[in-house]
Amino acid sequence: MALETHSSTATTDSPDPVPAPAELDRQKLPRHVAIIMDGNGRWAQRQGMPRIEGHRRGANTVREIVTAAAELGIEQLTLYCLSSENWKRPAAELSFLMFLLEKYLIEERKEIVRQKLRFSTIGLTNQLPEAIRDEIQETKTQTEQFEGMRLCLALNYGGRQEIVNAVQKLAHDVQDGRLDPDAIDETMISSSLDTSGMPDPDLVIRTAGEMRFSNFLLWQISYSELWVTEKHWPEFSRGDFHQALGDFSRRNRRFGGLNK
Ligand code: IPE
Ligand code: IPE
Ligand code: MG
């Protein structure tokens, strides 16, 4: 996997880095971009603000990047919003994250519908508060007929948990005589995951500099390209997103083969 880092001293006030969308080669854009939106807390603390302020600002970045991706005709954008490990955080931070998620789902529905995005989630959403589950369902229902970009939120998501669930499901099928164990192949495993029917991510972006996947889409990222920026999620701009896409378009993806 190609690994690239970008240290940047740019702030939210800086002009966007190149390239502008017109310079992006549309033929070489990823079909599916997945983003580990990290660094909200550190960004806020560096500004002398409480961590939750970083989450609030991070929600603004979500709006900006969702629109930017849809405008470029990206097929799917998956955003890591809450991991299955994030429950280790203090109760006050978790309750703010739940508040923010509910608010985002309510306030953005109009815009999601206007842009004709197809809304999906992955992760154990049945463990989220009922009010959030209701808002998720409402947005799914209102957008299921759309053919625009799929906006997929990873909520209470963990890659290992997702694989465990898939294995249990297949094991039950074998036990009940519906499935021959020898028939289990990669396609069947892929379609037993939450991401069934979705393309694997071509590009994974991680903000705030950490060089790890933090239990994100473990099965699906086997041949994803990784792009890491030092910028924290609240300061990640449309220009940074375009820069990631531009770098992706110049990558040589070999999938174990030789150069074309
Ligand atoms: C990402 O920012 C948002 C979530 C994980 C919910 P963090 O909250 O992880 O911010 P840092 O990494 O501590 O700065
Ligand atoms: C990954 O960020 C999860 C999300 C962005 C939702 P974390 O902040 O939880 O990851 P670690 O703890 O640094 O690995
Ligand atoms: Mg973090």
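One-based numbering, in listed order, for ligands and for the atoms of each.
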- Item | 4.0 Å heavy-atom contact, A208 with ligand 1 | no
- Identity and distance of the protein heavy atom lying nearest atom 2 (O) of ligand 1: N40 N, 3.2 Å
- Taking heavy atoms and a distance under 4.0 Å, where does C81 meet ligand 2: side chain, backbone, both or neither? backbone
- Between L82 and ligand 2, find which residue part has any heavy-atom pair under 4.0 Å and reply side chain, backbone, both or neither. backbone
- Message: Within the 4.0 Å heavy-atom shell around R51, which atoms of ligand 1 are there?
- Response: 7 (P), 8 (O), 10 (O), 13 (O)
- Message: Quick check: do R150 and E75 have side-chain heavy atoms less than 4.5 Å from each other?
- Response: no
- Regarding T121 and K140, is there a side-chain donor-to-acceptor distance under 3.5 Å anywhere? yes
- Task: Can you sort out which atoms of ligand 1 are near H55, meaning under 4.0 Å from one of its heavy atoms?
- Result: 3 (C), 8 (O)
- Where does the angle between the aromatic ring planes of Y223 and F255 fall among parallel (under 30°), tilted (30 to 60°) and perpendicular (over 60°)? tilted
- Message: Below 30° counts as parallel, above 60° as perpendicular, anything between as tilted: where do the rings of F236 and W233 land?
- Response: parallel
- Message: Could you tell me if the side chain of R212 sits less than 4.5 Å from the side chain of R206, heavy atoms only?
- Response: yes
- For W43, is at least one N or O under 3.5 Å away from an N or O on ligand 1? no
- Would you kindly say whether N60 and R57 are connected by a side-chain donor-acceptor distance under 3.5 Å? no
- among protein heavy atoms, the one nearest atom 9 (O) of ligand 2 is N86 ND2, 2.9 Å
- Task: Please write down residue, atom name and distance for the protein heavy atom closest to atom 5 (C) of ligand 2.
- Result: M37 O, 3.4 Å
- Distance to 0.1 Å, residue and atom name: give those for the protein heavy atom nearest to atom 13 (O) of ligand 2. R212 NH2, 2.8 Å
- Under 4.5 Å between any side-chain heavy atoms of F248 and V33, yes or no? no
- How does R206 reach ligand 2, if at all, at less than 4.0 Å between non-hydrogen atoms: by side chain, backbone, both, or neither? side chain
- Are the side chains of I106 and K103 in touch, meaning some heavy atoms are under 4.5 Å apart? no
- Query: Can E23 and H242 be counted as having a side-chain donor-acceptor contact under 3.5 angstrom?
  - Reply: no
- Could you check atom 11 (P) of ligand 1 against the protein and tell me its nearest heavy-atom contact, residue, atom and distance included? R42 NE, 3.5 Å
- Item | Heavy atom of the protein closest to atom 14 (O) of ligand 2 (residue, atom name, distance) | S214 OG, 2.6 Å
- Answer yes or no for D38: is there an N/O/S atom below the 2.8 Å cut-off from the Mg ion (ligand 3)? yes
- Message: Just by distance, no angles: are the side chains of Q161 and S84 close enough, under 3.5 Å, to form a donor-acceptor pair?
- Response: no
- So which heavy atom in the protein is nearest atom 10 (O) of ligand 1, and how far is it from that ligand atom? G41 N, 3.0 Å
- Task: Please report which non-hydrogen protein atom sits nearest to atom 7 (P) of ligand 2, along with the residue it belongs to and the distance in Å to one decimal place.
- Result: R89 NH2, 3.8 Å
